[in-house]
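This is the structure, below, for whatever I ask next.
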Amino acid sequence: MEVDLVWIIYLEAVMWNYTDKMMDHFLHPRNVGEIKDADAVSEVGNMACGDALKLYLKIDKDRKISDVKFQTFGCASAIASASALTEIVKGKTLEEAEKITNDDIAAYLGGLPKEKMHCSVMGQEALEAAIAKYRGEKPAPQEEGTIVCTCFGVTDTKIARVVREHNLTTPEQVTHYCKAGGGCGGCVGQIQAIIDEVWRKESEKKAKPGVGKAKYMTNIQKIQLIQETIEKEIKPTLRADGGDIELIDVVGNKVIVAFRGVCAECPASGVTITAVVEKKLREFVSPEIVVQEAKDENRLPR
Amino acid sequence: MKTVYLDNNATSRISPEVLEAMMPFLRDLYGNPSSMHLFGGQVRKNIDRARQQVANLLGADEDEIIFTGCGTESDNTAILSALAADSCRQHIVTTRVEHPAVLGPCKKLEKDGHTVKWLSVDARGMLDLDEARRAIGDCTGVTSVMYANNETGVIFPVEEVGAIAKNAGSFFHVDAIQAVGKIPLNMRNSTIDYLSLSGHKLHAPKGIAALYIRKGTKFSPLIIGGHQEMGRRGGTENVASIVGLGAACELARKYMEQELTDVKRLRDKLERALLAAAPDARLNGHPEMRLPNTSNISFEYVEGEAILLRLNELGICASSGSACTSGSLEPSHVLRAMGIPYTAAHGSIRFSLSRYTTEEEIDFVIEHVPPIIKLLRQISPFGRKTA
């Protein structure tokens with residue numbers, strides 16, 4: 001049996017600095033239980049991960065949450081977050097309820113230790129999932145995407161979301177909000193890459209209209225811009241995954257590239273071409289750009 | 001509110017006798033034992049006496065004991081000293097369930113290029129001696145195995161491991177920080193070369209510990225400075241605490257029988273009552289090969305921190321291997337190494353008694369734990385609701 005020898009400070013561990021309000025909701029949780037004829041039930045988390053929340057909503061004909069109950073498995077702040085959530089949503093319309101964020105839950109409790117923010121995120125997720133279920137939508141957005149953190153089953157979509165919503169800049173912060181990276185730690189590099197990607201995209205949005213795009217360029221200028229875009233925009237993304245790329249040739253709007261490192265062996269390099277390389281070059285150089293991977297004989301030695 | 005302290009594996013209260021022995025050295029006898037005047041010199045006698053008291057508890061000679069600043073320092077000193085003895089023997093053999101004081105330096109050494117073999121444990125937390133036999137070889141510089149586990153109290157067959165280590169020519173270090181004072185130890189006819197102990201686990205203050213180094217063992221100090229501790233640990237002696245550790249060791253010898261009978265009886269009473277009263281509760285660790293004071297119980301479908309905080313409201317102090325009690329998101333590495341399911345590890349509670357634990361305290365805990373478990377299970381979406 002393989003056990004990860006991760007740094008753990010256990011047993012002789014910290015006594016969290018909980019607020020009186022949080023302790024009150026932990027010791028006297030409100031709205032505990034089940035609603036047998038609930039209009040929407042959602043379940044997030046699982047026991048192996050250390051916390052789980054089951055939320056029951058009763059919704060009246062005015063689309064108001066007339067009753068709410070919960071069951072939770074988890075630490076004190078998970079119990080208190082769930083209790084706070086039920087108090088916040090009771091009597092609210094669905095439209096009001098869906099605007100509630102985890103920060104509202106944390107604020108209601110007078111704040112949570114940063115390491116415990118994921119407890120309030122769990123509350124927000126359960127609420128979103130229940131509302132989506134009631135409306136017949138599914139799955140909730142965070143269920144999509146590919147798993148990045150296998151220890152806690154967290155997807156890239158969910159990581160990108162907490163990064164954006166909470167202005168996160170380090171993998172450690174991401175762990176506090178959604179647990180990703182808090183297990184074996186093997187995905188910390190990927191989390192950093194997602195963070196970088198989110199903020200790069202955000203800064204691009206602000207910086208638009210962009211770098212000399214759609215402007216007339218000579219062939220030399222165009223090749224220079226392509227090279228620059230590859231260096232600045234594409235290589236860092238690929239290198240985060242252990243790959244690399246080289247510009248081989250430019251023929252009109254056709255850009256020929258070769259992959260190196262893990263990208264060279266990657267069965268998904270075709271996807272990388274369209275999803276990353278072509279997308280960037282179209283964005284920064286010209287919308288007419290078409291990217292091709294160099295044939296084997298042109299491939300650089302690995 | 002009265003405090004019911006069942007967290008003695010974390011730290012223990014200072015015995016009144018220990019404090020009394022220390023006070024003169026905090027008040028009046030502040031001299032430096034290295035000084036060339038009687039005022040300082042008289043202090044030295046007390047250090048020598050404390051060294052003898054520690055040696056007596058271990059069945060060792062006084063010149064085999066050095067005082068250190070903490071158990072972690074003792075562990076680090078032993079491992080690094082053993083590796084410094086022979087440049088051809090740089091492999092380390094240790095277990096997956098060591099305390100961070102050993103795990104830490106071993107992980108660091110592994111990162112620096114040393115080969116570390118991590119011995120696994122079975123579901124009851126016991127070592128596989130065949131695995132140890134395969135792991136310890138001609139390149140092994142140090143074999144470091146704990147005497148008893150801090151989380152489960154499981155006692156390892158250290159002399160059997162030591163025989164394998166000696167046979168292969170490896171130094172043998174034992175982290176006995178949880179064992180010293182709770183079970184009898186004897187370094188005569190032992191295979192142990194280095195043994196760590198820490199004061200605050202046996203009713204001496206924090207910040208004082210000792211390392212036993214078998215006579216004739218090639219030693220290389222970790223803290224280099226003056227001639228103190230026969231040149232084996234620099235730094236002016238922590239006189240009052242050294243005197244306190246000596247007194248605590250003498251008391252431990254006096255009360256050893258009580259640890260094995262009275263403390264064990266209370267522990268067993270607590271354990272039996274809790275396992276009987278709460279359904280889906282399980283004992284973690286070998287039922288017999290265990291320290292007499294430690295009980296680690298998992299309550300399935302509930303989370304440890306929630307239990308601890310509710311106990312805290314009643315003045316009951318215990319520990320948990322749950323993830324949520326630490327900054328980490330993973331439950332205890334010891335319970336995971338034993339293959340305890342995460343669902344049970346999250347709900348694990350460690351009760352650790354001492355000779356100061358009373359029958360009334362145990363009855364109080366027996367009365368209050370089951371309702372807490374029942375209440376938390378009613379909140380939980382998992383498991384039986386009847387618990």
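Labels below follow one simple rule: chain letters A, B, ... track the order of the sequence lines, proteins then strands, and each chain is numbered from 1.
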Could you tell me the separation between the NE2 atom of B/His346 and the SG atom of A/Cys75, rounded to the nearest 0.5 Å?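 Here the interatomic distance stands at 10.0 Å.
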Quick check: do B/Leu309 and A/Tyr18 have side-chain heavy atoms less than 4.5 Å from each other?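 In contact.
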Heavy-atom closest contact (A/Phe73 atom, B/Tyr301 atom, distance):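 Closest heavy-atom pair between A/Phe73 and B/Tyr301: CD1-O, 3.1 Å.
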Residues in side chain to side chain donor-acceptor pair (under 3.5 Å) with A/Gln190, at least two apart?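 So A/Gln190 forms no side chain to side chain donor-acceptor pair (under 3.5 Å) with any residue.
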Counting a contact as any heavy-atom pair under 4.5 Å apart, which residues of residues 24-33 of chain A contact chain B?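 Under the 4.5 Å heavy-atom cut-off, A/Phe26, A/Leu27, A/His28, A/Pro29, A/Val32 qualify.
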Would the number of heavy atoms belonging to other residues, nucleotides or ligands and lying under 6.0 Å from NZ of A/Lys64 be above 12?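 No, not enclosed.
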Is it the case that over 12 heavy atoms from other parts of the model lie below 6.0 angstrom from the CD atom of A/Glu98?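 Buried by this count: over 12 neighbours within 6.0 Å.
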Would you say A/Phe70 and B/Ile379 make side-chain contact, with heavy atoms under 4.5 Å?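 With C-beta onward as the side chain, the pair touches.
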Crowded around A/Asp20 CG? As in, over 12 foreign heavy atoms under 6.0 Å?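 Open.
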A/Lys92: what forms a salt bridge (charged side-chain N to carboxylate O under 4.0 Å, His left out) with it, not counting sequence neighbours?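 Expected list: none.
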In Å, rounded to the nearest 0.5 Å, how long is the span from CZ of B/Arg377 to CD of A/Gln71?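 One finds 14.5 Å between CZ of B/Arg377 and CD of A/Gln71.
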My understanding is that only residues two or more places apart in sequence, or in another chain, count here; which of them pass side chain to side chain donor-acceptor pair (under 3.5 Å) with A/Thr169?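 A/Thr169 satisfies side chain to side chain donor-acceptor pair (under 3.5 Å) with A/Gln173 only.
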Residue selection (most heavy-atom pairs with chain A, distance under 4.5 Å) from B/Ala318, B/Ala344, B/Ala306: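 Winner by heavy-atom pair count: B/Ala306.
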A/Ile79 CD1 to B/Ser380 OG distance, which is reported to the nearest 0.5 Å: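 The distance works out to 9.0 Å.
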